[in-house]
Amino acid sequence: MNPYGPVAIYLCVALAAALLFTFLPGLLGRKKPNPHKMEAYECGVEPTSAVAGRFPIRFYLVAMLFVIFDVEAASFYPWAVQMHSLRVFGLVEMVVFVIVLAIGYAFVWKKGGFQWR
Amino acid sequence: MEMSPGHFLLARLDDVARWAQSTSVWPLTMGLACCAIEMMTVTSPEYDIARLGSEVFRSSPRQADLMIVSGRVAQKMAPVVKRLYDQMADPKWVISMGACASSGGIFDNYAIVQGVDTIIPVDVYVPGCPPSPDGLLYAVNLIQQQIREGGRGGILARS
Amino acid sequence: MDSALAVLNAAPLWLVVTIKSALLLLVVVTTFAYAMLAERKVMGWMQLRPGPNRVGPWGLMQPASDAAKLILKEDLTPSTADPLIYKLAPFISLLTAFSVYAIIPFGAGSQGTWAIGNVDAGILFLMAISSLGVYGISLGGWASGSKYPLLGSVRATAQMISYELAMSLSFIGVLILAGTTSLDGIVSAQARLWFCIPQAVGFVIYVITAVAETNRTPFDLVEAETELVGGFHTEYSGLRFGSFFIAEYVNMLTVSCIATLLFLGGWNAPFGLTMVPGVLWFVAKVATFMFFYIWLRATLPRLRYDRLMAFGWKVLLPVATLNLIVTAVVVAVRG
Amino acid sequence: MIAFWVLSVVLIASAVWTITAQKPVYSVVGLLANFAALAILYLTLSAEFLAVIQLIVYSGAILVLFVFVIALLSSGVAPFAAGPNRMPKAALPAVALVCVALGFVVFAVTRGEVAIPPPPAGSTSALGPVGTADVFGSVGDFGKALFTTYLLPFEVTALILMVAVVGVVLLSGTAPAKAPTRRRAAGVRRELREAVVRDGEDRR
Amino acid sequence: MRKRLFNVGAILQGLSITFGFMFKKRPTIEYPSVKKQHAPRFHGLHELRRYGDAKERCIGCELCSSACPANAITVIGAENTPEDRKSPGERYAARYEIDELRCIFCGLCEEACPTDAIVLTPRFEMADYRRGSFIYSKDRLLVPPDAGVGAAPDDRPGGIPSDLGRVAEIKSTTDVEEGYSATHRGEILKTERRGLAG
Amino acid sequence: MIENALPVAIGNYVGLSAVLFFIGLTGVLIRRNPLVMLMSIELMFNAANLLFLAFARAWVHNAGHIFAFLVITVAAAEAAIGLAIVVAVFRDAPFVDVDEVRLLKG
Amino acid sequence: MPSTQTPPIAGLAIDPPSLRPPIDDAVIERVEPAGLHARLEELAAGGFTMLLDLGAVDYPQREPRYDVVYHLLKLPATAATVAEAGTPVRMRVLCGVPGERPQLPSATGIWKSADWAEREIYDLFGIVFEGHPDLRRIQMPGDWEGHPLRKDYPLRGPAREKAPRPPFALKSNVQAGTPPTGRTLEALQEQIARVREEGASP
Amino acid sequence: MTLSATPLTPEIVSRDGNAMVLSMGPQHPSTHGVLQIMLEIDGETVVTAEPEIGYLHTGIEKTAENLFWSQAQTVIERMDYLAPESNGLCYVLGVEKLLGISDRIPPRAQQIRVLIAELTRIASHCVWLGTGGIDLGAISGFFYAFDLRENVLDLQEAAGGARMHPNYMRVGGVNGDLPSGFLPKLDDLLAKLPGRMRELRGLLQANPILQDRTIDVGILSAEEALQWSLTGPALRASGVAYDVRKAFPYSGYDRYEFDVPTRTEGDAYARFLVRLDEIDQSLRILKQVRKDLDTPGPVMIDDTKVAAPPKETIALSMEALIHHFKIVSEGFRVPPGDVYQSVEGPRGELGYYIVSDGGNRPFRVRTRPPSLYNLQALKGIAPGNLIADLVVMIGSLDPVFGEVDR
Ligand code: SF4
Ligand code: SF4
Ligand code: SF4
């Protein structure tokens, strides 16, 4: 059997279990709503304002950089697996790859992209 | 009293539910005054409320089962306490810890709410100023007893 | 026993697999429950107190009662929340946490590996599935429509993705050595030498990132009770909150399993002690790793957010990259 | 076979959901389902590695970025969360046209009336079941191809990524966040406080 | 400054300290089964004393009431009649109530009492379900007749006994281990548990 | 066990891919929310990838995989840059509507 | 039922600070409101670096009715050792404030720490500090009426002072509905029975 | 103009494009009570912080005016509830000054006062250490510190009868001699303390993460500290060696040898170290007091005007009985006058400005609450830091809200 067959079955079981866990309480827990209960929590005071406000740019930056570097990491996988056969050739290839990316990395560092305050 | 099998089963289930609720009472992290220090002390090695399954102090009222009103409730704080109580998910219980929370104690004055039960329902009162931590453990025991033996909780709507 | 086996053999494959899956999930959930209890007890011991010991013998029923309580707790959806996403988030968390076990092998027998599916790209699937785990947290925090959860989820997302990078890089060193992505293959490659020795740097990086990925002390900024009340799950109650909780612990278990598989030799017995079955070794290694987790939690304070991020990007990432280049050099030179 | 049809239903449904959903977050969830289904579809196509990459990069990174941007940018505030959904009048005919073309293509292709070009010469590796080592579509297979035959494109990706990094940083204009000064105008503080400290009268 | 973070030695030291604590003796008192022995001076639940001959020590002088900063004590004295002498002196407390919820356990009443009638015992288990049940009147404060301590004064003015200051040191006339019958709560709970819970 | 043929005829893949592509295209056309537009573009990328892989499978040739990989890489870069632009432009805007952006309209 | 509490013995002194026994706790100086700010500035410049405390007292029978009390400490910022700190000079500046429209200049410009202390005095005594950047109530809720620490403010607050108190159990605050006294076993059981009939209330 | 929340939101937001207003507290795990801080945050960075107090306003000062001099002490102890006996001691010293009996306090009473005050300081610092550790996520320290505190409280309970508010200090002395069995227990504690402190220091002080979290956080220079009227460890961490015990000795503190630990950095870590060192110094004082305590003696002033005669004498003498009745039923009177008395509490200079009009109740008891002034400095140091730092700062200032709000 295709090894993914059992995996698929397992995933279905896991799905069922997760559904059970997350949607059971909705059926069993008793509901007793009141206006305050429905409010957002803010340390016991009235919510001071609607959730608002933008976050500083560095938060976005981290996510964007992650996307890019994640692709980089992804391309390491096939390389790593083939390393035994590629030998020095593969090494050189990858060093070039890494160096190119390192330039970008250094650029971010220099621009203070990893600075969190 | 006659019980149909279904009813009997339900009653047993209810017992199990009550047992579970009573042995997993998670308090809300809310300290008000001196009593709060003793409330913290119940988690300390000497008393260790963890033994009763209640060491999981939750800061979010959504996840807490037990509000320990530990200390004096000032007029300014009263709406906050009320809101927090309201924001807790049911079923929930309240211990009024110490003289101040229960009755205003020595502070029979303009600033203190004379008994937190004037704003939220209280299940167990603990006298003392502050109650010793074992006194509070006793109160937690009472709460557990109450849950097991007919207070709010269980699966049969009884409130 | 024999008849049971016969029945098993007679049953259609999908049924067997379904039963196996259900059993495995049961084991995982039970392990989670007792991992949690163990944490509470071990933390207790390290803090001079006995920990839960009154609910059932030695407190063994504590997880059951906690779970039942959580199920019976009212399930709240704040009016500011986005109801659909709010309900979906814990589900995603839980599903991704559970899914990983589809491909984790626990031992090897005469008939092959003990896993639901022994996939060739095993380690990649681990990465893929665990990279989905972040959704539960980020969506949950956002959907609560409340400030503390939002802050918590933003932190969490940033933290998890940052450390995910270093984590995947730490895997690559192992991949270079093993030359395969199948977990089975990686374990057999460690028959003589566990990878935690040639890949010591990678192992350390992995341990750090594993702790960070599962949001545990000293990287537990996600929940950081004293800063953000409850973090992303502040608004969740009952078993929905419990789901996040379960997911966190199952993830802990997962990373312990991965550490065991990739760095600690999987079910290979150390010092030639092969009379003990491999599964037990596996369990023992996972348990040790979990103990280490708890121990850390009992000891260390929490890092500050900016330090954490800087550490991930400025230290772990370059070190991990260097590590794998060095590994590659060694492999390239020595073959 | 069954998988294909089930997945295509999922794919189309989630894609439609993505572009019609009220809130961007719903779109993301739709897209998440879409990508997951696509990954499974890739598996049925023996593209194991690509399936994984699909999950890691698309679901695990790009979509996270979307969620992140939504969470940070909108923070749940109504206008941003929902976003204007107006359809420019001018686009209507275009959409209609597209639909017609779409129908035609689907019709034509499924009927087999469009000739499928023949395969180029030389296939790479054996075709085993998905999930077994070193066969078509596996990591090893892919790696071999990428690092030998297609080396140049690979190094170009590095360049693309590098450029992207630089672009992102430049676009974000990360002047190191200046720590706000200790002295902010007292007026700001006051206004803030008045808005924030509970005051009974103005509340409705 | 960031170098500080890499001080692995200190972290290992911390780890070893927490590990070491695992093997230390735990000071935990397993509460419901074992009860902490509070100090003799501990200010716990009140108790109204009797003399050895079962007469009440309290002479209804209301000093405790005026000493109480929390206004928790209400005493209404009455004259003893020759037929029914409740206390050795002229007067006795016809009503004696303490609002234990108001009380701050400061011990001033105990210090004020000229006959050592009211004392604070080391009993700490006082919690209860209803507010009303914290008005401790004489029937719950007064110790059982056989639990009296000290010899009653015969002809001293105001009925001041000679063992002052000494009986107050005996902090619990009813046995601590025996379940606090003074509060009656135990019995009530045993029979009426379900009713009490709200 | 080993299926050398495609599960279904290649035409079905082409059709599916086309449908997805056009859905994406429609998304770009009718939505004014830049985030959704970007997502629609991702949909189109994926439609293309599907085609690549289907043909790679049909011909048992690796090139399709390589190109799909490149597409993914480009998509990642595109998403990062695109969102960076969105963030840069809309961070201070109260509404998100590409029509409102004077910057882009010159 | 009369209270058993002994009535208080009111002191007779109308202006206690003028009668104080010779206690060496601080250098004392009384300043008129008009000259206060200048004097404080002078003192601050003269080495009184720390505003130790700022409080007020209400003498209802006296004019000026309020005393605002500044405690200052002469402590050099360079007192790095105990020997250098020595015995710093402690100084008490008293300033009478009239009962009608009590006003004083704010000291926040001289010592930052006067901020909350002045707000507190404003809150509890109603004395207005001119030039305070942000004079709001600090201890009481913003919509509170009255200034609690004034002597004419009843201890229990005006509202509760007027409310009738329960006839017996004068000292307890048992709510109506619970039997006032004689909480015997029977009474409790009776109550329990009633509660059960009514169906447990909260 | 009062602005309600809904219309204002955009304004706040648009002021500089990226502000979020957040209420931290009153119920928040790390505000050490009921502090509310209104934060304007930019991501994780605090732009403005406006502490809002008063959530625990108890009206203690007003209540004290309505109680006898001796009864008032019960409420006064409830101000700084982490160090009740420091409050009690200060109040008692002040009243004694007004009564003019300061010189007649028996020496043993003074020794016991010092003993209890130092024990209180240790207990208080233990709570601070424990909760401060929790703030930083170091949970175990909490348990070790509270275990230590428990031993201290046992002593307090043995002597005064209550764990936290024993009302043990009395005008004229202390309430009863130390009970038998007290001194051995004290010896046990003195023996246990150094080891436990070593462990706590090893666990917390040396921890690089903790150092990283506290060093350079919340810096206050000596000048700033004085401007904000900081006292106690917070001031000494900024390099000003001001300690009431040295500057204005009371209760015979001048007879004991101890150092005043100071640091110059003025950051949270310095405050942390100063407090730890203070525990060591307290230990030093305790050891010296312990030696004195072997000599018995009276613990209460022999003056029936202020102190009720010992109970044993009531039965013997009519006069004693009458004094007892008088003192209990109407309290003692204090001659008119005002006095400022301060002691070195665990949080700094704890002072009382006491006014008597000659009656049997205090006319006014004004507290100089060290926490209030210490906490106020938060306004100066919070902006520009991360939320996580704010938590550390609050912890390092160690406010007690019973005292801040009174
Ligand atoms: S009851 Fe006593 S200890 Fe508790 S808060 Fe009130 S005064 Fe403090
Ligand atoms: S202990 Fe104190 S408060 Fe309680 S009744 Fe006695 S005097 Fe009153
Ligand atoms: S002081 Fe003693 S004798 Fe007098 S009423 Fe109170 S208890 Fe009775």
Side-chain angles (χ1 to χ4, degrees), chain A residues 1-5 7-8 45-46 48-75 77-83 85-86 89-90 93-94 96-105 107-108 110-117, chain D residues 3 40 43-44 48-49 52-53 56-57 60-62 64-65 67-69 71-78 129-132 134 138-148 151 154-155 157-159 161-166 168-177 179 195-198 203:
Chain A
M1 184 164 157
N2 185 320
Y4 284 100
V7 172
V45 298
E46 265 177 62
T48 43
S49 61
V51 182
R54 312 279 159 84
F55 281 77
I57 204 91
R58 55 187 180 276
F59 280 101
Y60 307 97
L61 193 64
V62 66
M64 290 162 191
L65 292 181
F66 164 69
V67 170
I68 293 162
F69 283 100
D70 201 38
V71 176
E72 174 214 339
S75 43
Y77 288 118
W79 168 76
V81 174
Q82 286 300 320
M83 193 54 212
S85 44
L86 293 172
F89 179 57
E93 262 175 3
M94 197 36 86
V96 172
F97 184 80
V98 167
I99 285 176
V100 173
L101 271 170
I103 297 172
Y105 180 82
F107 183 74
V108 183
K110 193 159 149 278
K111 278 278 178 179
F114 301 134
Q115 200 80 43
W116 260 269
R117 48 179 304 179
Chain D
I40 299 174
L43 274 183
T44 65
E48 192 183 37
F49 179 68
V52 172
I53 291 296
I56 292 185
V57 175
I62 298 183
V64 173
L65 176 57
V67 172
F68 211 68
V69 170
L72 288 172
L73 215 50
S74 69
S75 317
V77 186
V130 182
T132 46
D134 253 25
S138 76
V139 196
D141 178 42
F142 181 86
K144 228 178 284 168
L146 186 63
F147 291 102
T148 51
L151 183 58
F154 171 71
E155 298 293 353
T157 54
L159 272 178
L161 292 178
M162 199 259 293
V163 171
V165 168
V166 173
V168 162
V169 172
L170 287 182
L171 272 171
S172 316
T174 48
V196 148
V197 173
R198 294 165 298 125
R203 278 291 149 70

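Chain letters run A, B, ... following the sequence lines, proteins first, then strands; residues in each count from 1. Keep in mind that this is a model prediction, so the values were computed, not measured. Heavy atoms only: backbone and side chains are in, while hydrogens, waters and symmetry mates are out.
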ask   = With a 4.5 angstrom heavy-atom cut-off, which part of I53(D) approaches chain A: side chain, backbone, both or neither?
value = side chain
query = If you look at every heavy atom in A74(A) and F49(D), which pair is closest and at what distance?
reply = O-CZ, 4.0 Å
key: Between V163(D), V165(D), I62(D), V57(D), the one whose heavy-atom pairs under 4.5 Å with chain A are most numerous   = V165(D)
ask   = Between V64(D) and chain A, which part of the residue has a heavy atom less than 4.5 Å away: side chain, backbone, both or neither?
value = neither
query = Under a 4.5 Å cut-off applied to non-hydrogen side-chain atoms, are Y77(A) and I56(D) in contact?
reply = yes
query = At what distance, to the nearest 0.5 angstrom, does OG1 of T157(D) lie from CG of L101(A)?
reply = 8.0 Å
request  = Heavy-atom pairs under 4.5 Å with chain D are the metric here; pick the option from A80(A), A73(A), A63(A), A102(A) that has the most.
outcome  = A63(A)
Gap separating the OG atom of S75(A) from the CD atom of E155(D), nearest 0.5 angstrom = 9.5 Å
query = Taking atom CD1 of I103(A) and atom CG of L161(D), what is their separation to the nearest 0.5 Å?
reply = 12.5 Å
key: Largest heavy-atom contact set with chain D, pairs under 4.5 Å, which of Y105(A), F107(A), F66(A), F97(A)   = F97(A)
